[in-house]
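Contents: one structure, followed by commentary.
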Protein chains: 2
Amino acid sequence: MAGHHTITETERQVEQKLGGLPIDFTATAAVNNIFRGATAVRNHLERTVLRASGLSWTAFVVMWVVWVWEPIETRVIASEGGFSKATLTGVLTTLEARNFVTREKSATDGRLVLVRLTDSGRELMEHLFPKFNAMEVEIVSGLTEDETRTLATLLRKVTQQLEDYEA
Amino acid sequence: MAGHHTITETERQVEQKLGGLPIDFTATAAVNNIFRGATAVRNHLERTVLRASGLSWTAFVVMWVVWVWEPIETRVIASEGGFSKATLTGVLTTLEARNFVTREKSATDGRLVLVRLTDSGRELMEHLFPKFNAMEVEIVSGLTEDETRTLATLLRKVTQQLEDYEA
DNA sequence: CCAAGATTGTTAGGGTACGAACAATTTCCT
DNA sequence: AGGAAATTGTTCGTACCCTAACAATCTTGG
């Protein structure tokens, strides 16, 4: 939310709309910037790195989690990736159709489904992840090493707060 | 991406998969945490504050931008909100059907569409935004005021870097 | 044992979300 | 002035993304 209008302009407008109700703009700014940042980073990575391989952001996240931890249960993928199991079902179907992953019922628990990469999928990730990481480096190149670490730490605190809140 | 497995575990796995290729995990950690944070914050706000009013996250962002700046051109809404104009068309159609906003052609430039809130839309925002902001405060309550400001600043730097890169 | 409860992945349905192509409109260039 | 180029919002097609409901499977208490 920091496009055409400055922060100060926006705050003045909001204050006027609410006629004196106390608003914490520091909190608003932080939350807004988490989103603008996430959207900008995602779109950039999709356009520069992922597009060529035909993977969406979510599909890449799924591939990455499976690549690192295979064989892995679908519930864990969803949890690690931060999306619902219903979303995962669709993405896995897409990835399976492209022959990047396989689904297989667990032998010990009939409710579970185990996911693995195919050789083709593994090859893709070995080729793609270094490129992806290079772009991640580019993305934080405006920050010092310390700032990058601080950013990660602060975000982790926010996420932790919310996960505690849920439980 | 910090659900069941620890960061260190994950890094060890990735290093092994790539067999010695140098990976910058600081950059990866920052980018990952932007997403985990954004997803967690969004889901939380949708469930606790937005659900009752029937607004999705994006719909709320659109309502907020229009509320603050009406009358406003659709291209500005998309830019401020950080999504594509195609997405905006759909969301505006939904909001218009619910009688929260109106569309109107610009008198001075026939290509532009101006958006305003209806009385019903304004009433909704006057009621909703204070609740929303209260939850934003809750979300950053694990951070000090300084940390919250730092978080916003660092994220703004990242976003700026990407927007410059595009241009 | 075995029924009641919990857990898992899928399905169904509605709402985003994107890029590309498009028609309408405005601006630019000579 | 007037065609070429640029800009804007919509449409189209595809892919997410969520909740709620569901069927299959496992766990648990008596």
Side-chain angles (χ1 to χ4, degrees), chain A residues 4 35 38-48 50-63 71-79 81-98 100-115, chain B residues 4 35 38-40 42-48 50-63 71-79 81-98 100-115 166:
Chain A
H4 288 61
F35 276 94
T39 305
V41 168
R42 173 181 179 143
N43 287 342
H44 191 72
L45 281 167
E46 278 186 341
R47 283 198 272 261
T48 58
L50 265 29
R51 179 67 44 83
S53 65
L55 290 184
S56 69
W57 171 267
T58 309
F60 176 79
V61 171
V62 172
M63 288 290 289
I72 185 172
E73 303 165 10
T74 58
R75 59 176 172 171
V76 180
I77 304 175
S79 159
F83 32 75
S84 73
K85 53 188 186 170
T87 297
L88 182 60
T89 295
V91 175
L92 278 180
T93 302
T94 302
L95 290 175
E96 206 175 18
R98 293 193 190 161
F100 287 147
V101 304
T102 59
R103 278 192 264 215
E104 150 199 353
K105 270 197 144 180
S106 165
T108 59
D109 187 335
R111 295 169 302 180
L112 303 182
V113 169
L114 298 177
V115 181
Chain B
H4 287 62
F35 276 93
T39 304
R42 174 181 178 144
N43 287 343
H44 191 73
L45 281 167
E46 279 186 339
R47 281 199 271 262
T48 57
L50 265 30
R51 178 68 45 84
S53 64
L55 291 184
S56 69
W57 169 267
T58 309
F60 175 79
V61 172
V62 171
M63 288 290 289
I72 186 172
E73 303 164 11
T74 58
R75 60 177 171 169
V76 181
I77 304 176
S79 158
F83 32 74
S84 74
K85 52 189 188 171
T87 297
L88 182 60
T89 295
V91 176
L92 279 180
T93 301
T94 301
L95 289 174
E96 206 174 18
R98 292 192 190 161
F100 287 147
V101 304
T102 60
R103 278 193 264 215
E104 150 199 354
K105 268 196 145 180
S106 166
T108 59
D109 188 333
R111 294 169 303 181
L112 304 182
V113 168
L114 298 177
V115 182
E166 310 273 297

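Protein chains get the first letters and strands the later ones, always in sequence-line order, with residue 1 at the start of each.
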Nucleotide dG19(C), atom C1' - distance to CZ of Arg42(A) in whole Å: 14 Å
Does OP1 or OP2 of dT16(C) have a side-chain N or O of Ser56(B) closer than 4.0 Å? yes
Counterpart residues, side-chain hydrogen bond (donor to acceptor under 3.5 Å, both in side chains), relative to Glu96(A) (two or more places apart): Arg103(A)
Backbone N or O of Trp57(A) within a donor-acceptor pair of the Glu46(A) side chain at under 3.5 Å? yes
How many whole angstroms separate atom CD1 of Ile77(A) from atom C1' of dG9(C)? 12 Å
How do Leu112(B) and Ala107(A) order along DNA chain D: which one's closest nucleotide is nearer the 5' end? Leu112(B)
When the distance from CG of Asn43(A) to P of dC16(D) is rounded to whole Å, what number comes out? 15 Å
So does His44(B) get a backbone contact from the side chain of Thr48(B), meaning a donor-acceptor N/O pair under 3.5 Å? yes
Kindly write out the residues that satisfy side chain to side chain contact (heavy atoms under 4.5 Å, CB included) with Thr39(B), not counting sequence neighbours, or none if the list is empty. Asn43(B)
By nearest nucleotide on DNA chain C, pick out whichever of Arg51(A) and Thr94(B) is the more 5' one. Thr94(B)
State, with a plain yes or no, whether a side-chain heavy atom of Leu112(B) is found less than 4.5 Å away from one of Arg75(B). yes
For Leu95(A) and dC16(D), what is the distance between atoms CG and C1' respectively, to the nearest whole Å? 12 Å
Whole angstrom is fine here: how far is it from CH2 in Trp57(B) over to C1' in dT19(D)? 19 Å
Between atom CD in Glu96(A) and atom C1' in dG9(C), what is the gap in whole Å? 13 Å
Rounded to the nearest Å, what distance is computed from the CD1 atom of residue Ile72(A) to the P atom of nucleotide dG9(C)? 11 Å
Is any side-chain nitrogen or oxygen of Arg103(A) closer than 4.0 Å to OP1 or OP2 of dT10(C)? yes
Take the protein atom CD of Glu104(A) and the nucleotide atom P of dT8(C), then report the distance between them rounded to whole Å. 18 Å
Using a cut-off of strictly less than 4.0 Å between a heavy atom of the residue and any atom of DNA chain C, enumerate the qualifying residues of residues 83-92 of chain B by number. Phe83(B), Ser84(B), Ala86(B), Thr87(B), Val91(B)
Can you find a pair of side-chain heavy atoms, one from Leu114(B) and one from Lys105(B), that are under 4.5 Å apart? no
Take Ala59(A) and Gly110(A), find for each the nucleotide of DNA chain D with the closest heavy atom, and name the residue whose nucleotide sits nearer the 5' end. Ala59(A)
Please check this pair: side chain of Arg98(B) against backbone of Gly54(B), looking for a donor-acceptor N/O pair closer than 3.5 Å. yes
Donor-acceptor pair under 3.5 Å: do we get one between Arg111(B)'s side chain and the base of dT7(D)? yes
